Amino acid sequence: MPDRTATPRTADGRRGVPRSAGRLTGAALAAVAATLLAAGPAHAADGGGVAPAATGFAALLALAATATTAGLVLLRPLAAPAPRRLTAPAVTAAVAHLLTLGLGGDAPAAGTLVLAAACLALPGCAGRRAVGVPLALLVSAGAGLLALPTATVAEATAAAGHGLAAAVLLGGVATVLGADSARRRVAHRAAPWMLAAVTAEAAAGAVRLGTDHAALGPEGPGWAGPARWVCLAVAVAGAVGLGAGLRRRRQPDRALLRGQAVVLPAVVIVAATATAVALPAPPGRPGAPLLVAVDNGGRGLPLVVAPQRPGWNLVHVGAEGVSVGTRADRLSPAVRLPGATNGWALVHLPPGPSRLHVAYGGRQAVIRLDAGAADAPGPDLRGPDGPECVSAALGVLLRDDPQPLSRCPADALTSGDREDLDATVAFLVPRAEGALSVVGDSSARSVAAVAAVTDAARRAGLRVVPPGSGRHPTLVVTGWAGAEAALRDAARGPGAAAGTYLAPWLLTAAVLRPATGQMLALRFDPRAEPVSRYVAELARRFPGEPATVSGYLAWQGGSPAGPARMYAAAAVSLPGPVAHGGHGRSGFLPGGTVTAVTGPLG
């Protein structure tokens, strides 16, 4: 009977690789190479209303098919596959690229179309090395650049190298499995190239982890340190194995080939996993405000970037002495802005992925950003109302539902704010002695508020006079920055004894310090349970940040219904249980109280 366990022989009489071992090795290599590729695609973000899984799968298929086609051309001297064998992966790659583009992937449309056309051209160029090899190199590098987010020249180089390494790995698997004869010899000749690709990928992963693991937001990987050592170990092991293989390449033996068949898949598996964790996608949603906690060696330093769109962005940090910038050698200090608390800085972001360097206490961290497409600019936050807009964006982020920032509270006067101002004017009629002063600024909301107050005052028989013209109540309807200056001036003017009244959006700590009995109409109780939940979540995610009306309304999703009441702010320290919910360290007025002084206003 024939020996079914004997090793099959090739056409020239030499022993080949058993079919079962070859198939198992090929399946393992293909699977782990796909895992390696999965580290790259950054197309899993929302786009065009398509499920991220569908877009990510199309991007993975495009990269795998492109790498296989380019790798077969690069390694063609090892087995010389017929051009017809390149047709299937080339067509698959082109179709997958077009599918990714149709599903709304983040890759540039022009680059995707060029890469799809280049994949279709590869089979026709395979027989001409002077054309085929350079084209295969460009295709594999381009696939990596499209799949990986890049913000610097170093990251672009790493992305191109990732595509080339994937081409060598997948192309090597396809070359070995497609060899008609002498498969053992082909596998032996391909092994050093594939092992070199694994070594390079592991080394790149170690370097990437070494530079990026300092920025650990809520989405950041806490295992970055161990993964870096795994990458280093794989790189060293791969280099040693590569050297041993090259040393004995001229004298192959069965033991060496068996060792390569076992060790190479294992090394690729570990390298693929390590590289996958070494290339995390930017946290948050591209083109939407971002909230992260930067590791500062003891606690998380809270930081918000808004609107995280191409152009000028505001960076808000929860500490003093912090500097930020898109380049490590060009950092700007985060300073306090009028009407706001903690630190603020302006940074200019390019379209797509970028990095934000954060320096504090002699340490520096790097945060990965993604500002989205160039044709989707966000609101301009460089004006005095920028901090209030960021506070509203932070309220949305506290719901773990990041949305692109399209408008700011100061862009328009809401119907609820108009009703509250009307109620404030009605409250002042018996107290104003015939006149009141209104302080506004140039924002759209303030202009509309001044007009609304003036109209309501005239209907009630009150004159509107300039600030400082007598002992009349002063109603402030500016933004935060203007309100801080207006309250400072009002405290020294003749109208101080008649009282200072604020628009409802001015309930914020920086405006109310010092709290001297300023009054404002609110539709919610700062001590109520819904507000307490917002205050508690804000204290957990952004410690030390005072609550604001704009942030609370954005967190709640709209203005509460019901009549307004007049509330007064006072600098009174209260016991801990009483301070909970609007009066405590993280409430609207830390160290003070905001208390209702009237019933519902009619």
Side-chain angles (χ1 to χ4, degrees), residues 392 395 409 412-439 445-446 448-462 464 472-477 483 487 498-509 511-512 515-535 547-572 574 578-584 587-589 592-602:
L413 182 70
T414 66
S415 58
D417 289 337
R418 182 183 296 271
E419 293 175 4
D420 293 343
L421 292 175
D422 289 345
T424 302
V425 173
F427 175 78
L428 290 176
V429 169
R431 300 167 177 81
E433 297 182 358
L436 65 86
S437 300
V438 183
V439 181
R445 179 181 60 187
S446 182
V450 171
V453 170
T454 302
D455 184 61
R458 287 174 179 171
R459 291 197 312 268
L462 295 178
V464 176
H472 305 296
T474 300
L475 178 55
V476 182
V477 294
L487 288 175
T500 304
Y501 297 82
L502 307 178
W505 57 83
L506 295 178
L507 177 57
T508 178
V511 172
L512 295 177
T516 57
Q518 302 96 329
M519 300 181 67
L520 70 169
L522 295 176
R523 291 175 176 270
F524 62 90
D525 185 351
R527 295 170 294 182
E529 192 274 335
V531 184
S532 298
R533 287 191 282 113
Y534 158 70
V535 169
T548 68
V549 171
S550 299
Y552 169 65
L553 296 181
W555 174 82
Q556 188 186 42
S559 179
R565 299 170 185 263
M566 293 302 295
Y567 285 80
V572 178
L574 299 177
V578 180
H580 179 68
H583 306 305
F588 288 92
L589 185 58
T593 179
V594 180
T595 307
V597 294
T598 71
L601 300 177

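Counting from 1, the numbers follow the sequence of the chain as shown. These figures come from a predicted structure and were not determined experimentally.
Counting non-hydrogen atoms of neighbouring residues, nucleotides and ligands closer than 6.0 angstrom, the CZ atom of R533 exceeds 12 such neighbours.
Within the model, atoms OH of Y534 and CG of L553 stand 9.0 Å from one another, a figure rounded to the nearest 0.5 Å. To the nearest 0.5 Å, atoms CG (L601) and CG (D420) are separated by 8.5 Å. Note: M566 CE to T595 OG1 = 13.0 Å, rounded to the nearest 0.5 Å. Between atom OG1 of residue T598 and atom CE of residue M519 there is a gap of 6.5 Å, rounded to the nearest 0.5 Å.
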Walk me through whether L507 and L502 qualify under side-chain contact (heavy atoms from CB on, under 4.5 Å). CA-CA 8 Å; L507 177 57; L502 307 178; over 6 Å; no
If you apply the rule side-chain contact (heavy atoms from CB on, under 4.5 Å), what do you find for V464 with V453, and how did you get there? CA-CA 9 Å; V464 176; V453 170; 5.5 Å; no
If you apply the rule salt bridge (Lys or Arg N to Asp or Glu O under 4.0 Å), what do you find for D422 with R418, and how did you get there? CA-CA 6 Å; D422 289 345; R418 182 183 296 271; over 6 Å; no
For Y552 and V535, run side-chain contact (heavy atoms from CB on, under 4.5 Å): C-alpha distance rounded to whole Å, both residues' side-chain angles, the deciding distance at 0.1 Å, then the answer. CA-CA 8 Å; Y552 169 65; V535 169; over 6 Å; no
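The two residues V450 and T454 make their nearest non-hydrogen contact at O-OG1, 2.7 Å. Counting all heavy atoms, side chain and backbone alike, Y501 lies closest to T424 at CB-CG2, 4.4 Å. Smallest separation of non-hydrogen atoms from V531 and F524: CG2-CD1, 3.8 Å. The shortest heavy-atom contact between P526 and F588 is CB-CD1, 4.2 Å. Contact between A392 and A554 at its shortest, heavy atoms only, is O-CB, 3.2 Å. Of all heavy-atom pairs spanning A435 and L462, the tightest one is N-CD2, 4.0 Å.
T500 places no side-chain N or O within 3.5 Å of a backbone atom of T474 that could act as its donor or acceptor partner. With T414 contributing its side chain and D417 its backbone, the two residues share a donor-acceptor pair below 3.5 Å.
You'll find the side chain of T548 stays beyond 4.5 Å of the side chain of W505, heavy atoms only.
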